[in-house]
Every structure is written in C-alpha cells, then in structure tokens.
Amino acid sequence: MAYFQSKPVAGRHFLQIPGPTNVPDRVLRAMDNPTMDHRGPDFGKMGKALLEKVRHVFKTEGPVVIYPASGTGAWEAALTNTLSPGDRVLMCETGWFAHLWHEMAGRLGIVTDFVKTDWRRGADVAQIEQRLREDKAHAIKAVCVVHNETSTGCTSRIDEVRKAIDAAGHPALLLVDTISSLGSIDYRHDEWGVDVTVAGSQKGLMLPPGLSFNAISAKALKASETAKLPRSFWDWKPMLAANATGYFPYTPATNLLYGLDAAVDMLMEEGLDNVFARHDRHAEATRRAVRHWGFEIQCEEPRHYSSSLTAVRLPDGQSANALRATILEKFNMSLGNGLGQLNDRVFRIGHLGDFGDLQLIGTLGGVEMGLRAAGVPHKAGGVQAAMDYLAGNA
C-alpha cells in the first residue's frame, strides 16, 4: 500500500500541518538511491562531506551530531550529555513542546525551574535574567528554550536570551530547540552563543521524520566530560570519534542521509537569507488573511510572530477540531490541531519547508472554503488580502 486514504480523493493532499512537511521530489529521488555499505569507503567520503555541509544550516563551525531518531531523541541527547542527576535547569513554558521537554527533564532526574507564560508570546527574557541573577551559587546548570514553539506560533528571541545570561554573569549552558525553525527562521548557533542546538529532519529541512541533530559548542563538550546522567545510544563521544572519518558508531539512516544531502543543497542554492525572507513573506500574508477573516492570532506579541506557522484562535463557541475535520473531509487538506490547553481552541496553518506562493493561496483558499462549509462566522476575502500582499512583495 503506497499511501493510505480512507476514501479515494482526486488531486493532491494538502499537508499543511507545521510538520512533517511536504518532501520535495528532489529529496525523494535522492532517498530512492540504493542503500550503500555504511562501513565502505564511499560512505565515509559522503558522510564526512555531509557532516561538514550541514554545519552551514546551523551557522556553526563546531560539530553537528546526527541521530537516527525524532527530535525527542535530540532533546534527550542534549540533556544527558551535559547534565548530572539533581542538576537544576531553567526552562520557559512557551507552549506544549516546552512543557514536554520539561517533563522529560523531570523523568531524567533533573530539577527544573519553570518560567510560566500565557502561551501567547515567546520566552520571558526578563524573568530568565532575574532568575539567573538570584542564583548566586550558580546552581542552575542550563537554560533550555524552544526557539519556535510549534503549538502556539511564537518565536523566542535567542539573541536576547544570550544577552540576559551574559548580563546576569551566569555560567549556565544555553540549550535551544530549533525543531520547527531550523531552515525556516534565521538562526545562528555560534553568534548567539548557543551550547546545544536541537533539531529534527521533518520540518524546515524538508525530510521525512527520522533524523535528529545536536550542534555542540566547545563549552558543551567540556561539560559532557563530567556529566553523570546515564547515556549510551545518545553519547556524543563515540559519535564524534566515528564522525571524524565520516562514519557512525552504529547503523545510520543511510537513505535519509542521502535526502539530507539533497535538502541542504536546496537550502544553500536558494541562499539561507532568501529562504528566511520567503518564510517571512508567507507568514505575513497568512496573518493578513487571518485578520481579514476576523480572527485572533494566538501569538499576541508581533516581535515573536513565527514564520513557520500561524496558530489561529476561533471565537468562543466555535470548534477548531470540527473545522479541521470539515476541511479534511471536503477539501483534502490537513491542518494542525490545538495542543494541550489549546485543544479545540486553535488550528494551525503550516507554511514552512518546500512552499511557494501558489501553495499558500491554495492553503488559504481551503481554509476560507472550510470556514463557510463549517458555518464559522467570518468576513470573506481573506485569500484576496493575502494575494494583494504577495503581489506587492515579490
């Protein structure tokens, strides 16, 4: 069975969740190559070149470790390689995925200080700085922040988080989740002084799920020498030793690495600045459509707007899940559901990855038709508002 659908539907399925994203044909064709010997000489050459190439996406001169795992695995690797049982970390509850990372830390035996937000903005930089200033004994060993919160459409300012850590004069490591921002929103591992960047393959990198990443600073590597949390599969040391010659300490996801090679080439050929500008443009067009329809954007702080997705709040009494079901049934389009406290309150429009103007207009058209079909009160013409913006902002 090549692809499961509950009933035959003409035309392509619009997968407009905020990840996994649509995989470009070029990446699919690369993955379709025969699997090679992951211990042979050709793999070593490919692996070494790819590990060097992928650093450019993170904007780092340091090593990037690639695991055959989802982003959740990269979360665990970031924590277990740098921390010990009973260590304290400072986290910011920007949404559902920050909440899940916090839960993982607790299960690993890490003590967490959790800065609460209302899920309508990015990380509270002032609170982070205040907590660090209060920590005179430097008991906090790391600050963990989700760069782009996929559940809310809010992006934290990592450059400002770094400035807050420095202003507090605190030695804590900075660990950042870029799972839904890498390759879609400007990100600078080295320049922003990030110690571990966590990423996944299935969003801005335009691959299926199955690869996860840690970009690692020298400070984080130093911390790993004394970190005491148990680790085996996630251990950086054997990975980095094998990676030096292009290999992996265990069987890698060979064909996904073929796809990653093609995806990185696509990003570099377009130019990362152009990729980010394209995402910014589509995000603004989407927000204009949403405002025209008469709905609130979940993110209330314009400086924190996400360029990967837009989370849309429906009015009280309207079911976001029912709307999504109508759109899927009638127009063969999947939209993201509300997570955690936002369940049935918001729906999420993904506009990241391999995505162009016509795909955006098709997506917004499906939403507007769905609003009408589901009987959700709105002002017609949101698609036209997006088109007007796109026409003047090529």
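We count residues from 1, following the sequence as given.
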Got a sec, which residues hit side chain to side chain donor-acceptor pair (under 3.5 Å) with Arg324, two or more places apart in sequence or on another chain? Asn321

Salt bridge check: are Asp135 and Arg131 linked by an N-O gap of less than 4.0 Å? no

Main-chain N/O of Gly153 paired to Arg348 side chain as donor or acceptor, under 3.5 Å: no

Tell me if a side-chain donor or acceptor on Ser212 pairs with a main-chain N or O of Gly71 at a distance below 3.5 Å. no

Look only at the side chain of His279 and the backbone of Gly353, and say whether a donor-acceptor pair between them is shorter than 3.5 Å. yes

Taking the side chain from Asp388 and the backbone from Ala385, do they hold a donor-acceptor pair closer than 3.5 Å? no

For the pair Gln298 and Val312, evaluate side chain to side chain contact (heavy atoms under 4.5 Å, CB included) and give the outcome as yes or no after the intermediate values. CA-CA 6 Å; Gln298 174 65 20; Val312 183; over 6 Å; no

Contacts under 3.5 angstrom, residues 362-369 side chains, donor-acceptor by atom type, not counting sequence neighbours:
{"residue": "Thr363", "atom": "OG1", "partner": "Gln359", "partner atom": "O", "Å": "2.8"}
{"residue": "Glu368", "atom": "OE1", "partner": "Trp293", "partner atom": "NE1", "Å": "2.8"}
{"residue": "Glu368", "atom": "OE1", "partner": "Gly382", "partner atom": "N", "Å": "3.1"}
{"residue": "Glu368", "atom": "OE1", "partner": "Val383", "partner atom": "N", "Å": "3.0"}
{"residue": "Glu368", "atom": "OE2", "partner": "Gly381", "partner atom": "N", "Å": "2.7"}

What closest approach, in Å, do Ala78 and Val198 show between heavy atoms, and which atom pair accounts for it? CB-CG2, 3.8 Å

Trace of the ring-ring contact (aromatic ring centres under 6.0 Å, His included) decision for Tyr250 with Phe233: CA-CA 9 Å; Tyr250 41 72; Phe233 181 85; 4.7 Å; yes

Should Ser217 and Asp195 be marked as a side chain to side chain donor-acceptor pair (under 3.5 Å) after you check the CA-CA gap, both sets of side-chain angles, and the distance that decides it? CA-CA 5 Å; Ser217 75; Asp195 292 299; 2.7 Å; yes

Is the count of non-hydrogen atoms from other residues, nucleotides or ligands lying under 6.0 Å from Lys163 atom NZ greater than 12? no

Is it the case that Arg303 places NZ or CZ above or below the six-membered ring of Tyr305, under 6.0 angstrom from the centre and within 45 degrees of the axis? no

Tell me if the CZ atom of Arg29 is crowded by more than 12 foreign heavy atoms within 6.0 Å. yes

Mind running side chain to side chain donor-acceptor pair (under 3.5 Å) on Tyr258 and Thr35 for me, showing each step along the way? CA-CA 9 Å; Tyr258 296 163; Thr35 302; 5.6 Å; no

Do Ile66 and Pro252 have side chains that get closer than 4.5 Å, going by heavy atoms? no

Expected output: side-chain Arg313 to main-chain Glu296 donor-acceptor under 3.5 Å: no

Please determine, by modelled atom types, if His102 and Thr112 share a side-chain donor-acceptor pair under 3.5 angstrom. yes

What heavy-atom pair brings Ala386 and Ala285 nearest, and what distance separates the two atoms? CB-O, 3.5 Å

Show your working on side chain to side chain contact (heavy atoms under 4.5 Å, CB included) between Leu90 and Ile128 and close with a plain yes or no. CA-CA 8 Å; Leu90 182 61; Ile128 290 172; 4.0 Å; yes

Per the salt bridge (Lys or Arg N to Asp or Glu O under 4.0 Å) rule, what does the pair list look like for residues 30-59, sequence neighbours excluded? Glu52-Arg55, Lys53-Asp261, Lys53-Asp265, Lys59-Asp186

Compare every heavy atom of Ala167 with every heavy atom of Glu129, then report the nearest pair and how far apart it is. OE2-CB, 3.6 Å

Donor-acceptor pair, His292 side chain versus Ala380 backbone, under 3.5 Å? yes

Salt bridge (Lys or Arg N to Asp or Glu O under 4.0 Å) contacts touching residues 197-218 (sequence neighbours left out): none

Which pair of heavy atoms, one from Ala199 and one from Leu182, lies closest together, and at what distance? CB-CD2, 3.8 Å

Give a yes or no on whether the backbone of Thr286 and the side-chain of Arg291 come within a donor-acceptor separation of less than 3.5 Å. no

Results of side chain to side chain donor-acceptor pair (under 3.5 Å) for Asp354 - residues two or more places apart only: none

Please state whether the rings of Phe43 and His38 are parallel, tilted or perpendicular, taking 30° and 60° as the class boundaries. perpendicular

Do Trp234 and Trp101 sit in one hydrophobic cluster, given that two such residues count as connected whenever their side-chain heavy atoms are within less than 4.5 Å of each other, even indirectly? yes

If only atom types and distance count, is the side chain of Asp87 paired as donor or acceptor with the main-chain N or O of Leu83 below 3.5 Å? no

Is there a path from Leu323 to Leu339 through hydrophobic residues (I, L, V, M, F, W, Y) whose side chains come within less than 4.5 Å of each other? no

Once salt bridge (Lys or Arg N to Asp or Glu O under 4.0 Å) is applied, what residue pairs with a partner in residues 235-247 remain, sequence neighbours excluded? Arg231-Asp235

Same apolar cluster (I L V M F W Y, side chains within < 4.5 Å links), Val111/Leu173: no

May I ask whether Ile185 and Leu272 are part of the same hydrophobic cluster, defined by side-chain heavy atoms of I, L, V, M, F, W, Y residues being less than 4.5 angstrom apart, directly or through others? no

Leu205 and Ile216: same hydrophobic cluster, using ILVMFWY side-chain contacts below 4.5 Å? yes

Can you tell me if Ser151 uses its side chain to pair, donor with acceptor, with the backbone of Trp96 under 3.5 Å? yes

Under the side chain to side chain contact (heavy atoms under 4.5 Å, CB included) criterion, do Val143 and Leu132 qualify, and how do the steps go? CA-CA 9 Å; Val143 176; Leu132 293 176; 4.1 Å; yes

Step by step, would you call Ile179 with Trp75 a side chain to side chain contact (heavy atoms under 4.5 Å, CB included)? CA-CA 10 Å; Ile179 291 171; Trp75 274 353; 4.0 Å; yes

The reported gap from CG in Asp118 to CD in Gln341 (rounded to nearest 0.5 angstrom) is 8.5 Å

Enter the distance from Thr94:OG1 to Trp119:CH2 here, rounded to the nearest 0.5 Å. 8.5 Å

Euclidean distance, Asp357 CG relative to Leu390 CG, rounded to 0.5 Å: 5.0 Å

Quick test of your reading of the model: are Glu270 and Arg278 salt-bridged, counting only N-O distances below 4.0 Å? yes

So which heavy atom on Ala74 is nearest to which on Phe213, and how close? CB-O, 3.4 Å

Mind checking the CG-CD1 spacing from Asp113 to Ile140? Nearest 0.5 Å is all I need. 5.0 Å

For residues Phe276 and Tyr187, establish whether the separation of their ring centroids is below 6.0 Å. no

Say you draw a straight line from CG of Leu175 to OG1 of Thr82; how long is it, rounded to the nearest 0.5 Å? 5.0 Å

Nearest 0.5 Å, what's the CG-CD1 distance between Leu335 and Ile349? 6.5 Å

Without hydrogens or angle criteria, can the side chains of Thr155 and His304 be said to hold a donor-acceptor pair below 3.5 Å? no

Side chain Asp159, main chain Trp192, donor-acceptor under 3.5 Å: no

Minimum heavy-atom distance Cys92-Thr117, with the two atoms named: SG-CG2, 3.8 Å

Would you check, one step at a time, whether the test side chain to side chain donor-acceptor pair (under 3.5 Å) holds for Ser156 with His147? CA-CA 5 Å; Ser156 295; His147 182 215; over 6 Å; no

